[in-house]
Amino acid sequence: MSAIYPVAEIRKIEQAALRDLPPYTLMQRAGQAAAQAALRLLPCPPHSAAILVLAGPGNNGGDALEAAAGLAKAGCEVLALLKTPPSQLPPDAAQALARAQRQGVHLMPPEQFADIDSAQWTLVIDGLFGIGLSRPLDGDWRSLVQAVNAMPCPVLALDVPSGLDADTGTVVGGAGGIAVTASNTITFIADKAGLYTGDGPDYAGSVELATLAIADQYLPAPNMWLNHPGLFSDYLRPRKRNSHKGSFGDVAVIGGAAGMAGAPILAARAAARCGAGRVFVGYAENPPAYDQAQPELMCRHAADLDFSSAVLVVGTGMGMANSALALLTRALDALSWLVLDADALNLLARQPQLQVQLAQRQHAVLMTPHPLEAARLLGLSTSEIQADRVTAARRLASRFNAVVVLKGAGSIIARADGAVVVNPTGNPALATAGSGDVLSGICGALLAQGWPQWEAALAAVWLHGRAADQLVAQGIGPIGLTAGELIPEVRLLLNQLVQER
Ligand SMILES: NC(=O)C1=CN([C@@H]2O[C@H](COP(=O)(O)OP(=O)(O)OC[C@H]3O[C@@H](n4cnc5c(N)ncnc54)[C@H](O)[C@@H]3O)[C@@H](O)[C@H]2O)[C@@H](O)CC1
Ligand SMILES: Nc1ncnc2c1ncn2[C@@H]1O[C@H](COP(=O)(O)OP(=O)(O)O)[C@@H](O)[C@H]1O
Ligand SMILES: [K+]
């Protein structure tokens, strides 16, 4: 399952399911799934493991105590830190505490709370706060999280790393807040966007989903998903034998002002190697005779290109001069599918009348802003964009009636009707000049081959990230991966996906 629900929806699902289930059922399922996940993380047999379980004041703490019971039953030595008086726990959590104690889980005496880092733990379980966190962690909670974050052992967060906003992937309280840095997170019922975007992945580590066997009838139709090839596999079609270069469309990359001539070349090479039939590069000024490394590309002055017969990838290294504005205006007027990137977006941000023209355009538009470009388009700061990436991407998509890829860690792909996909592939190797140009070229190639804009965006973002993940796994990055090196890996992956389908 790839549905993602906002926390408010998860609450409704939980409440609806709980109405039809005996009390305590879901917490038992969550705790048991957590205990199983913990056992898989142990580097030693259970009877040699010393596990610290941090249990907070709410049901997240109850999940932790239920997991503690399961781990003690499996033979682990389990010590639970519970700051809340048992009488103040919610009923399910109180029941979990009783069960944990029956299984031999010890409760840490309060005078030891400040010294939890004096012992060597095999594993720490973070059940301090889940989706009920309502304010930044401070005081003793903050000290506790600081101590956990300094520990060398694996940390398994339950539902959400404590301190992280599960919807946005920001730390509650911003720069002044704190959150548990987990190596692993087991999240319950459904995935949450904040585990995959922004700062979320740095806190959540590797994420596992436990659906708690909630029946489909309790799950509303989602409008958010985690990206995976199943979302675009309909378009991973083998080529007909009876095809020719015209069958796979033309891409024209428009950009390349003085000093930025390489940017459109990267996009164009990506477009060629992801299957576009013919690729043109339209320079704002001074086109090179040809690209030595990829002589298949046709480099021309943009003024000499027919804008209506190709998918246009506009903006890479295009600059902000009047000549660039004229090219963007021409592209918006053309009856072609568009990918708008980089300076096309920066120019748009300054030109309200072009924004209106864009929003009214009949032909598909795919926009690929990074957070600063998104901020310019929405008249916000970059930190305001990053504070809620899903909302920012949705606002752009609806304002411009376009498919929008808000780039960065955990790219968000949004559609004008509010549908959102969060991308889990990719890593900091991509934080290098030109990798966005490569992404726009992949988008252009898929559009030219007839993919609809939504699926083209999903596939391009997934492939781009996955290519970087595979290269890093081979030792090519994260340090020093260059954008051009992504292109052959993306080609390989795309062909593999088509063959496997
Ligand atoms: N109710 C159930 O049966 C289920 C609950 N589940 C678990 O329950 C969690 C949600 O439980 P809750 O709604 O009790 O919420 P939490 O356990 O996340 O936390 C709520 C408690 O924390 C306090 N609190 C919030 N922010 C605080 C802060 N900064 N400093 C100090 N105290 C703070 C609140 O006053 C409240 O007492 C989920 O994340 C999940 O782990 C899952 O097991 C699914 C089933
Ligand atoms: N830390 C990261 N994790 C995942 N993807 C990243 C990360 N940093 C950058 N990226 C991706 O790399 C690309 C960078 O694009 P962009 O910022 O436009 O760079 P450029 O303009 O230099 O080409 C985007 O696709 C973005 O999502
Ligand atoms: K937690």
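Side chains are part of it too, since the values below use all heavy atoms of this structure and drop only hydrogens, waters and symmetry mates. Atoms within each ligand, like the ligands themselves, are counted from 1 in listed order. The structure presented is a predicted model; accordingly, all values stated were derived computationally and were not measured. We number each residue from 1, following the sequence as shown.
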Under 3.5 Å between any N/O of [X] and any N/O of ligand 2: does that happen in this structure?
X: Gly408; value: yes
X: Gly426; value: no
X: Asp437; value: yes
X: Gly436; value: yes

- Message: Between Val160 and the K ion (ligand 3), is there a contact where an N/O/S atom of the residue lies under 3.4 Å from the metal?
- Response: yes
- Message: Using a distance threshold of 3.4 Å, state whether an N, O or S atom of Asp159 lies below it from the K ion (ligand 3).
- Response: no
Under 4.0 Å from ligand 1, counting heavy atoms only, is it the side chain of [X], its backbone, both or neither?
X: Asp159; value: side chain
X: Trp141; value: side chain
X: Leu18; value: side chain
X: Ala93; value: neither
X: Asp63; value: side chain
X: Val160; value: neither

- Honestly, for Lys407 the part within reach of ligand 2 (heavy atoms, under 4.0 Å) is both
- Query: Looking only at heavy atoms, is any part of Thr368 under 4.0 Å from ligand 2, and if so is it the side chain, the backbone, or both, or is it neither?
  - Reply: neither
- If you stand at the K ion (ligand 3) and look out to O of Phe129 and OG of Ser162, what angle do those two lines make, to 10°? 60°
- Do protein heavy atoms approach atom 21 (O) of ligand 2 to less than 4.0 Å? no
- Closer than 4.0 Å: a protein non-hydrogen atom to atom 31 (C) of ligand 1: yes
Going by the closest heavy atom to [atom], which one wins out of [options]?
atom: atom 14 (C) of ligand 2; options: Ala429, Ala409, Ser435, Gly465; result: Ser435
atom: atom 1 (N) of ligand 2; options: Ala460, Ala483, Pro428; result: Pro428
atom: atom 5 (N) of ligand 2; options: Leu430, Leu266, Thr197; result: Leu430

- Message: Walk me through whether Asp388 and Arg395 qualify under salt bridge (Lys or Arg N to Asp or Glu O under 4.0 Å).
- Response: CA-CA 11 Å; Asp388 191 346; Arg395 281 183 62 191; over 6 Å; no
So, does [X] sit close enough to ligand 1 that a heavy atom of it is under 4.0 Å from the ligand?
X: Gly56; result: no
X: Arg11; result: yes
X: Ser134; result: yes
X: Pro136; result: yes

- Considering only heavy atoms of Ala431, which atoms of ligand 2 have at least one such atom less than 4.0 Å away? 8 (N), 9 (C)
- Output the list of atoms in ligand 2 that are nearer than 4.0 Å to some heavy atom of Ser411, sorted by atom number. 27 (O)
- Under 4.0 Å from any heavy atom of Ala30, which atoms of ligand 1 are there? 43 (O)
- Within 4.0 Å of some non-hydrogen atom of Asp92, the atoms of ligand 1 are 3 (O)
